[in-house]
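This report concerns only the one structure given below.
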Amino acid sequence: MREKKYSLLSNIVFLMQELFREFKGARISFSVMILAFIIMNIIMVMIPSQAVYVIENRLTVMDFMVRVGGIILLFMVIRSALIIAERRYSNAATMTRCHIFIGRLLEKSLTTDYCNRESNSCQKLNGLATHAIAGNNQGVEHVVQYMPIMIRNFLGLFLFGGTIAAVDIRILLVLLLMLVCNVLANRYARNYLEAHREEDAELWRKNDILRRKTTDVVCGKDVRMYRMEKWFGDVLQSYVECGQRWQKGLEKRFYLPTMSDTFFIALRDGLAYVLLIRKALQGSVSLAEFTLLLGVISNFSSWMFPFVDAVMDILKMNQEVSNYRTGLDMEDSFRHGEGVKVPAGAREKAPEIELRDVSFRYGEEGEEILSHISLRIRAGEKIALVGGNGEGKTTLVKLLCGFYHPVSGEILVNGVSIEEYDIEEYFKLVGVVFQDVEALPFRIVNIVSGQEKEDTDMARFWQALERAGLREKIENLSKREDTYISNVLDEEGLQLSGGEMQKLMLARCIYKNAPFLILDEPTSALDPLAESTMYEEYDKMTENKTSIFISHRLASTRFCDRILFLEHGKIIEEGSHEELLRQGGRYARIYEIQSHYYTENDCEKSMRGMEASYE
């Protein structure tokens, strides 16, 4: 995957454009935050000098009240405007992160090619991108929040620095030297942070996964049943301790900027007092001007340190913004919005599938999972793909679904390579019931149709449930199709058994009514007798469709036109159920071992023995 480079300026422009586009008023708040803060600091410096001026010129209390009271009133008005602007700007920054930046990353996660979601490197990248939008003080929002702080402090430095230079350039030189040393010391600490950023992000990702698993309902059963809480807690604690050690190492490197600042503040104040007292004694400045200039010199640091801190923070968070944009700009390898379209008529006709010398491995150095598979599946043909676990059946499903690219060879559907299709169009041809069953915690009607209820064909919905064997159960529920799955979003949510969940996934596949069906171990949660009944329904469901049934239970796929026996990523036997039995090969031997598990009295034993038959 090619990594893009993003400059600091590019990241800032990207963030601020999104903020101002989403919230038009943020431009005004941004400007008010800068101008109001500068004026407030000028007023704060002026107030003591005005008090000295009144005393020095023996003015009345009323004169003081008029002079200083007016300034204080102006200060209060400007401060109120600043507070309102800061709140509005802060809210705009947070809302932009939550509504725009988080939303875009979620959309990217849902729409990017599946191979971008499953690989370890892409998961790490997604973890880094997610970390950048995880909170108010993380990369994306942190930079947005600190931009007005950096700009207003820079302008303050320029304004006050010019005033100091007019008094005595030597004071300004000390202050600038102080600024340079502060930047270099902070850079030293920041370099350490950058060098270990990936390590920190990976630690954060693992820690976050573990913390989420502590509240996971499924994991909770295992933890309690097998008394895993101490081990689980120890692992979580080890990550916390690693994070603490990392933080302590970082804090040590920020001691240097503090020591440097302490030294230069003493030097600054000493030089300023000596020079200004000399000028006051010589009569070149009045006491009021003396007070004003001391305030300017003293407050220069109040501009300088926040400016340096803001710059360092933005530089520190810049990499997180780059991580976010890298995740957002992750390139897809399949065609999206371009390529071969699927005509409306083709979505109703069973397609022909051909695999030409297809091989596959996960990663460049990974073990070969599929090896030189060539296969032609006729339109409307029912294919059974059987074999033990880890032989490549599910991997073949991923290739046929358009989730991965073959390492070599090609897969053609209706004579067109999957690589040439607009992938969204290709997905319309395929309906799948996957081996791993997990439904989102939404309403049943949403899960089956994949859309809102008002957009669902309800007659088709109920027909799909009936064919999957779930209609009666759902009709007897108080909320019927509006019942939520699990109690995550609704306390009255329905908890389905493993077999019922597989039926629900089957109903979803039936509702889609795609011409090419793939059923990957869709009955693994059922006992052999219930599975046999279910496959009889599959036989009816796949009429006039091209279908692939994947199982390691041989008897359940005898209704198929052709059976392919997969072992070590290769098709070693091929034929109908009767033909393979007559051949007396590997299929026949395993079928003989498995056959006695299908007796009604041995259902529990059969569940344990099916997979063992392949050994």
Side-chain angles (χ1 to χ4, degrees), residues 113-114 334-335 338-360 369-387 392-434 506 509-522 535 538-551 557-566 569-577 579-580:
D113 290 337
Y114 183 76
F334 286 97
R335 298 174 185 268
E338 58 182 21
V340 177
K341 308 297 180 183
V342 177
R347 300 174 195 170
E348 301 174 0
K349 295 176 58 178
E352 180 178 273
I353 316 294
E354 183 179 2
L355 285 76
R356 294 179 179 173
D357 197 32
V358 170
S359 297
F360 182 81
I369 307 298
L370 298 174
S371 179
H372 302 285
I373 291 182
S374 293
L375 170 68
R376 182 185 292 272
I377 304 173
R378 298 183 298 274
E381 187 177 16
K382 297 181 178 66
I383 296 291
L385 186 62
V386 299
K393 303 190 302 296
T394 297
T395 298
L396 184 56
V397 168
K398 293 178 181 178
L399 293 175
L400 290 170
C401 287
F403 292 158
Y404 278 92
H405 305 273
V407 172
S408 61
E410 62 178 344
I411 301 174
L412 292 87
V413 178
N414 287 333
V416 180
S417 172
I418 292 179
E419 310 285 334
E420 299 300 320
Y421 277 102
D422 176 345
I423 197 64
E424 280 87 3
E425 290 281 308
Y426 176 74
F427 287 155
K428 296 176 182 178
L429 296 175
V430 187
V432 191
V433 178
F434 294 104
L506 176 62
C509 184
I510 295 173
Y511 182 90
K512 184 176 182 180
N513 195 30
F516 178 31
L517 297 182
I518 303 174
L519 306 176
D520 182 11
E521 301 278 11
Y535 269 100
Y538 289 164
D539 190 20
K540 300 175 185 177
M541 183 183 78
T542 56
E543 187 176 355
N544 299 321
K545 297 180 185 294
T546 303
S547 56
I548 296 179
F549 298 88
I550 299 177
S551 178
T557 55
R558 67 175 70 187
F559 68 89
C560 291
D561 301 319
R562 194 159 34 127
I563 298 172
L564 309 175
F565 193 95
L566 193 66
K570 297 181 179 180
I571 298 174
I572 62 170
E573 295 181 15
E574 178 180 349
S576 67
H577 176 70
E579 289 172 343
L580 292 178

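Fair warning: this is a prediction, and the values are worked out from it, not measured in the lab.
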Indicate the atoms forming the closest heavy-atom contact of [X] with [Y], along with that distance.
X	Y	answer
Ala379	Ala350	CB-O, 3.3 Å
Val413	Pro351	CG1-CB, 3.9 Å
Arg376	Glu352	NH1-OE2, 3.0 Å
Val358	Leu399	CG1-CD1, 3.9 Å
Cys401	Phe434	SG-CE2, 4.3 Å
Ala384	Cys560	CB-SG, 3.6 Å

Ion pair [X]/[Y], N-O distance below 4.0 Å:
X	Y	value
Lys382	Asp561	no
Glu410	Arg356	yes
Glu420	Arg335	yes

Is there a donor-acceptor pair closer than 3.5 Å between any side-chain N or O of [X] and the backbone N or O of [Y]?
X	Y	answer
Asp113	Phe334	yes
Thr546	Gly380	yes
Lys545	Ala514	yes
Tyr426	Glu419	no

At what distance, to the nearest 0.5 angstrom, does [atom1] of [X] lie from [atom2] of [Y]?
X	Y	atom1	atom2	result
Leu396	Ile411	CG	CD1	6.5 Å
Leu400	Leu355	CG	CG	5.5 Å
Phe360	Ser371	CZ	OG	13.5 Å
Leu385	Asp520	CG	CG	9.0 Å
Tyr421	Leu412	OH	CG	8.5 Å
Leu580	Glu574	CG	CD	8.5 Å

Might you work through the side chain to side chain contact (heavy atoms under 4.5 Å, CB included) test for Val342 and Arg347, ending with a clear yes or no? CA-CA 7 Å; Val342 177; Arg347 300 174 195 170; 3.8 Å; yes
So Cys509 and Val433, side chain to side chain contact (heavy atoms under 4.5 Å, CB included) or not? Walk me through it. CA-CA 7 Å; Cys509 184; Val433 178; 3.7 Å; yes
So, do Leu375 and Leu564 sit near enough that their side-chain heavy atoms are less than 4.5 Å apart?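 Yes - at least one pair of side-chain heavy atoms lies under 4.5 Å apart.
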Under a 4.5 Å cut-off applied to non-hydrogen side-chain atoms, are Ile373 and Leu566 in contact?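 Contact flag for Ile373/Leu566 side chains = yes.
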Is the number of heavy atoms from other residues, nucleotides or ligands within 6.0 Å of NZ (Lys428) greater than 12?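 Enclosed.
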Tell me whether Lys349 at atom NZ has more than 12 heavy atoms from other residues, nucleotides or ligands lying less than 6.0 Å away.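 12 or below, so no.
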Which residues share a side chain to side chain donor-acceptor pair (under 3.5 Å) with Glu573, sequence neighbours left out: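 Side chain to side chain donor-acceptor pair (under 3.5 Å) check on Glu573 returns nothing, list empty.
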Checking Val397 against Ile550 for the side chain to side chain contact (heavy atoms under 4.5 Å, CB included) test, could you report, in this order, the C-alpha distance in whole Å, the side-chain angles of both residues, the deciding distance, and whether it holds? CA-CA 9 Å; Val397 168; Ile550 299 177; 2.9 Å; yes
Is there a side chain to side chain contact (heavy atoms under 4.5 Å, CB included) between Val430 and Ile518? Walk through the geometry before answering. CA-CA 8 Å; Val430 187; Ile518 303 174; 4.1 Å; yes
Taking it one step at a time, do Glu381 and Arg562 satisfy salt bridge (Lys or Arg N to Asp or Glu O under 4.0 Å)? CA-CA 8 Å; Glu381 187 177 16; Arg562 194 159 34 127; 2.8 Å; yes
Test salt bridge (Lys or Arg N to Asp or Glu O under 4.0 Å) on Lys341 and Glu425 and set out the steps. CA-CA 6 Å; Lys341 308 297 180 183; Glu425 290 281 308; 5.5 Å; no
Just do the side-chain hydrogen bond (donor to acceptor under 3.5 Å, both in side chains) check on Asp357 and Ser374 with the steps written out, would you? CA-CA 5 Å; Asp357 197 32; Ser374 293; 4.7 Å; no
